[in-house]
Amino acid sequence: MGSLGMEKTVTGWAARDPSGILSPYSYTLRKTGPEDVVIKVLFCGVCHTDLHQTKNDLGMSKYPMVPGHEVVGEVVEVGAEVSKFEVADTVGAGVIVGCCRECAPCKADTEQYCNRKIWSYNDVYTDGKPTQGGFASAMVVDQKFLVKIPPGLAPEQAAPLLCAGLTVYSPMKHFGLMGTGLRAGVLGLGGVGHMGVKLAKAMGHHVTVISSSDKKRAEAVDHLGADAYLVSSDEAGMAAAADTLDYIIDTVPAFHPLEPYLSMLKLNGKLILLGVINQPLQFLTPMVMLGRKSITGSFIGSVQETQEMLEFCAAKGVTSMIELVKMDYANEAFKRLERNDVRYRFVIDVAGSNLHP
Ligand SMILES: NC(=O)C1=CN([C@@H]2O[C@H](COP(=O)(O)OP(=O)(O)OC[C@H]3O[C@@H](n4cnc5c(N)ncnc54)[C@H](OP(=O)(O)O)[C@@H]3O)[C@@H](O)[C@H]2O)C=CC1
Ligand SMILES: O=C/C=C/c1ccc(O)c(O)c1
Ligand SMILES: [Zn+2]
Ligand SMILES: [Zn+2]
């Protein structure tokens, strides 16, 4: 590491084209400004969005691209005006590393909805440099976009909370779904979905997992604490659950019909879409009218909500269920994520990996 004001050369693992195959890539971090924090990356979760982005599913990918937005690191340098953090703190960075600070969403501490937000990778920083993510030895992050990892949370366990956990916590809070006694549905039991089960259970909800297969039934019930498990193709089971749920967290990352899930909602129930899907979805209007149901969406959460969610998880003993791997397994991890073969989040032990094999 160099000193403040100097550019530092780091190694990350980057996708070079839409094959998404990652390989070692050297680049320089931007110069550390007064509000910036240099972090040594310890662990980074592997989100399905990383797969969408490295494979150009959304048609907006720029290469070389170092993915990773569930980043837990150790502070190794702080700029002169950094007040929130000091060297040796364990911190987290997520999907957003910049915003305009002037618009209505920014002023309301909902900077994730800022139209000038800066993504932690596949974007351009204010100095014109490409942003690169947490599959790398180090990052420079403005202190505004970092959170403290509470002492009660293991850093590798905390990584998936920074996107997957936040993505379910934020809509639960925003839509008034944090009280006890609600009946929740979680559609798609992957990285985001398993945090949906854990957080909804921690809030005292009755949780039904709705999955595409029977394969995850025992784990969902025995390890994650789900109260019920339905396979979406089981028409009788789905019909028996009609009008029973207050909300559904829909995490499916591919086209799927909405009507079977709208049917499961009670009066005023909410279908909360979280998956990134690059095709139009369909439903018939009576499916929402007859029951005053809502179809809505939500995008990650704010920095403030991230800190609050981490404290909630530490206090309630909520952790993620992870498979810890080294960086040389990243390409295999992406393949397994694509074929729905992960329980439930890969986390890369970045600091424990040889980044130049
Ligand atoms: N809104 C936001 O802010 C965020 C959005 N996302 C998006 O949410 C989606 C889910 O992310 P994540 O949980 O990391 O993904 P995972 O791949 O870990 O989980 C997705 C789950 O959806 C189910 N599924 C159903 N159909 C498919 C399919 N065709 N391909 C793959 N999975 C399928 C599977 O569950 P089962 O076996 O139970 O059927 C799978 O485990 C992604 O689109 C991601 O980009 C992620 C984070 C933040
Ligand atoms: O995983 C976090 C990011 C999710 C995301 C949601 C929506 C969208 O258009 C994206 O490009 C990413
Ligand atoms: Zn994510
Ligand atoms: Zn803004």
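Counting starts at 1 for both ligands and their atoms, following the listed order. Owing to the predicted nature of the structure, the values given are computational and were not obtained by experimental measurement.
- Between Val46, Thr167, Asp50, it is Thr167 that holds the heavy atom closest to atom 48 (C) of ligand 1.
- At under 3.5 Å, a nitrogen or oxygen of Asn340, whether backbone or side chain, sits near a nitrogen or oxygen of ligand 1.
- Using cut-offs of 30° and 60° for the angle between ring planes, the His48 and His52 rings count as tilted.
- Distances between N or O atoms of Ile210 and those of ligand 1 include no value under 3.5 Å.
- Under 4.0 Å from ligand 1, not a single heavy atom of Lys215 appears.
- The nearest N, O or S atom of Cys47 is closer to the Zn ion (ligand 3) than 2.8 Å.
- Look at Cys99 and the Zn ion (ligand 4): no N/O/S atom of the residue is under 2.8 Å from the metal.
- A salt bridge does not link Asp341 with Lys335: every distance from a Lys NZ or Arg NE/NH1/NH2 to an Asp or Glu carboxylate oxygen is 4.0 Å or more.
- For the pair Glu219 and Arg343, the salt-bridge criterion is met [side-chain N within less than 4.0 Å of a carboxylate O].
- Judged by the 6.0 Å distance and 45° axis criteria, Arg30 is positioned over the aromatic ring of Tyr125.
- Within the 4.0 Å heavy-atom criterion, the part of Cys163 lying near ligand 1 is the side chain and not the backbone.
- The minimum distance between the Zn ion (ligand 3) and any N, O or S atom of His69 involves atom NE2.
- Between Leu189 and ligand 1, an N or O atom pair is found at a separation short of 3.5 Å.
- Residue His48 has at least one N or O atom closer than 3.5 Å to an N or O atom of ligand 1.
- Cluster membership for Val46 and Val350, using ILVMFWY side-chain heavy atoms within less than 4.5 angstrom, is shared.
- Using a 30° and 60° split on the angle between ring planes, Tyr344 and His194 fall in the parallel class, below 30°.
- Checked by distance only, ligand 1 and Val342 stay at 3.5 Å or farther apart across all their nitrogen or oxygen atoms.
- Ionic pairing of Asp50 and Lys55 is not present here: no N-O contact between side-chain nitrogen and carboxylate oxygen is shorter than 4.0 angstrom.
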